[in-house]
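Report on the structure given below.
These values consider heavy atoms only, across backbone and side chains, with no hydrogens, waters or symmetry-generated copies. Start at 1 and go down the list; that is how both ligands and their atoms are numbered.
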Amino acid sequence: MQLVDTHVHLDQEEFDADRAEVIARAHAAGVSAIVAIGTTAASSESVVKMAAEHPGVFAAVGIQPNYCVQAAAEDWERIVELARRPGVVAIGETGLDRYWDYTPFAVQQDYFDRHIDLAARLGLPFVVHMRDCGDDILAALRAAHERHGSLSGVMHSFTGDADLAEACVELGLYISFAGMATFKKSAESRAVAAAIPADRILVETDSPYLSPEPYRGKRNEPAHVVHTAACLAAARGETPEAFAEQTTANARRLFRLER
Ligand code: NI
């Protein structure tokens, strides 16, 4: 059984002491590919380097909305340059966040559009972070759809409702679920996951954050994606094997991962 962990903050200091072991444990658990996600220009540079050093690790480059406030013009130029490097399979993470107010919302919107347009220009998918702003995200995505036609990207660690998921799928996007979906209180999230078309669902850890059950409260790592996948498979009435095969095929298609 193979899985792809589509969203990992592999450059975070939580992994500094044992990064190689974390990657080895993922591979041993059947996680054949990991998408390491950049959040700043420096972080994007780190994940590109990790993709070059570790087989099965791929990179996404971008500036996460909460960090856009600190970004200088040359940081964005660096992202544009890094986007063409080997091993880069996506642009992001980008998106919008109304929960934290570090970055003025208009600045977040400007960077979200820049990331989407860069992704379209390079023929890469983009990775969307959404927190407490479903309507704003949908408006931005619909405007992007006007500019570019069908979109290619993923709604990461999705916590929206079924209507928002359906609207995103219609625009061309994939929907990815993280460990939170395994929590007892997340029945609604599992119901949303159960209704995603088979060819659009993805799974991720969002490591090192929010471990799935039974590791809740501990540092998260890519090997734990197995538990989230098993939980989602059950919610969808599928075997873990069938769910793994389908989501792995979806991830390989979206990110065009080499084997
Ligand atoms: Ni993230």
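Here His129 fails the criterion, with no N, O or S atom under 2.8 Å of the Ni ion (ligand 1). At least one N/O/S atom of His9, whether from backbone or side chain, sits less than 2.8 Å from the Ni ion (ligand 1).
Among the candidates Gln12, His9, His7, the single residue satisfying the side-chain hydrogen bond (donor to acceptor under 3.5 Å, both in side chains) test with Tyr209 is Gln12.
Its N, O or S atom nearest to the Ni ion (ligand 1) is what matters here, and for Glu93 that atom is OE2.
Electrostatic pairing of Arg121 and Asp117 does not count as a salt bridge here, judged by no charged N lying under 4.0 Å from a carboxylate O.
The hydrophobic cluster containing Phe126 does not contain Val154, counting ILVMFWY residues as joined when their side-chain heavy atoms lie under 4.5 angstrom apart, directly or transitively.
Between His227 and Tyr215, the ring planes lie perpendicular to each other; the angle is over 60°, past the 30° to 60° tilted range.
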